[in-house]
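Remarks on the structure that follows.
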Amino acid sequence: GVIVFCCGDCLRFGEIYEYQVGLVIKDGGTRDMVHVHTGNGGGLLLAEQCPVSSPEMSEMFLRQIASSVALKGIPLVIVYGHFPCGAAGLDDISARAEIQAVVEAKQAIHTRVPNMVRQLVEAKPEKFVGRVLGVDIPLSLQVVVKVHLDYGDGGMFTYRVDERQWRREFNSTIALSAEMANQVSV
C-alpha cells in the first residue's frame, strides 16, 4: 500500500490517484491500499517555512499522515507537488521554490512522523494490536517526492525527485547566485 499526500486540485488529483492505484495493483495490491490526504498546495503544506503553510497546518497534516501509518500499517509515503499550483501562485512561488518546499516536506515526514506514530501507539496500544492483517506498525518510513509538471503546451510529466541530487544542485545555484551578487555589488 501507499499513503499519498497531494494537492486536492481537481485537474490533477484524479490522474495522481489512478496512477498510484495502478502501481499498487501492479504490485499485487488492491485499490483500497491507496490512502490519500489532500490539501490545496499538497506537499507545500508540510513545509513550515513555505508561505502556503504554517507551523500549525504542517503539524496537523503530519499528524494525519502519522495516523494513517499507524492505522493502516503502511510504511510508504509519497508526497506530491505540482506546477503550476493555484495555491502556490497566490504567493508567487516559482516551480523551483515549490520543488524545494516538497523536498523539505519529505524531511519533515522523515524526522517527525515516526515519533508521532510511536506516541499514538503508546497512548492507546489496545487500538493498534493486530491491526491490518497482523502487519507490524512501521516506525521507519520510505518517503518519496514526486512533482507533476504541466508544460502548458499539452505536455505533462511526473518526476521522482532525488533529494540528495536536488540539494546539491539547489545549494550550488544559491552559492553561485550569492557569488554573482557579490561581484555585482563590488
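Because only heavy atoms are used, hydrogens play no part in the values below, and waters and symmetry mates are left out as well, while side chains stay in.
Taking the ring-ring contact (aromatic ring centres under 6.0 Å, His included) definition, one finds that His35 meets it with His37, sequence neighbours left out. Residues passing the ring-ring contact (aromatic ring centres under 6.0 Å, His included) test with Tyr19, sequence neighbours excluded: none. Listed by chain and residue number, Arg63, Arg112 satisfy the salt bridge (Lys or Arg N to Asp or Glu O under 4.0 Å) test with Glu59 (two or more places apart in sequence, or in another chain). Residues passing the salt bridge (Lys or Arg N to Asp or Glu O under 4.0 Å) test with Lys106, sequence neighbours excluded: Glu163. For Tyr151, the ring-ring contact (aromatic ring centres under 6.0 Å, His included) criterion is met by no residue, not counting sequence neighbours. Annotation: salt bridge (Lys or Arg N to Asp or Glu O under 4.0 Å) contacts of Glu18 (sequence neighbours excluded): Arg31. Checked against side chain to side chain contact (heavy atoms under 4.5 Å, CB included), Val52 has the following partners two or more places apart in sequence or in another chain: Leu44, Leu45, Cys50, Ala87, Asp91, Ile93. Residues satisfying the side chain to side chain contact (heavy atoms under 4.5 Å, CB included) criterion with Val24, sequence neighbours excluded, are Val2, Met33, Val34. Every residue two or more places apart in sequence or in another chain that forms a ring-ring contact (aromatic ring centres under 6.0 Å, His included) with Phe5 is listed here: Phe61.
Separating the CD atom in Gln20 from the SG atom in Cys6 is a distance of 9.0 Å, to the nearest 0.5 Å. In this structure, the separation between CD on Gln64 and CD1 on Ile3 is 11.0 Å, given to the nearest 0.5 Å.
Every pair tested for ring pair (Phe, Tyr, Trp, His ring centres under 6.0 Å) that includes a residue from residues 85-107 fails, sequence neighbours excluded, so the list is empty. Sorted by first and then second residue, the ring pair (Phe, Tyr, Trp, His ring centres under 6.0 Å) pairs with a member in residues 66-113 form an empty list; sequence neighbours excluded.
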Side-chain donor-acceptor pairs under 3.5 Å in residues 113-122, sequence neighbours left out?
unit_1: Asn115; atom_1: OD1; unit_2: Arg118; atom_2: NH1; d: 2.7

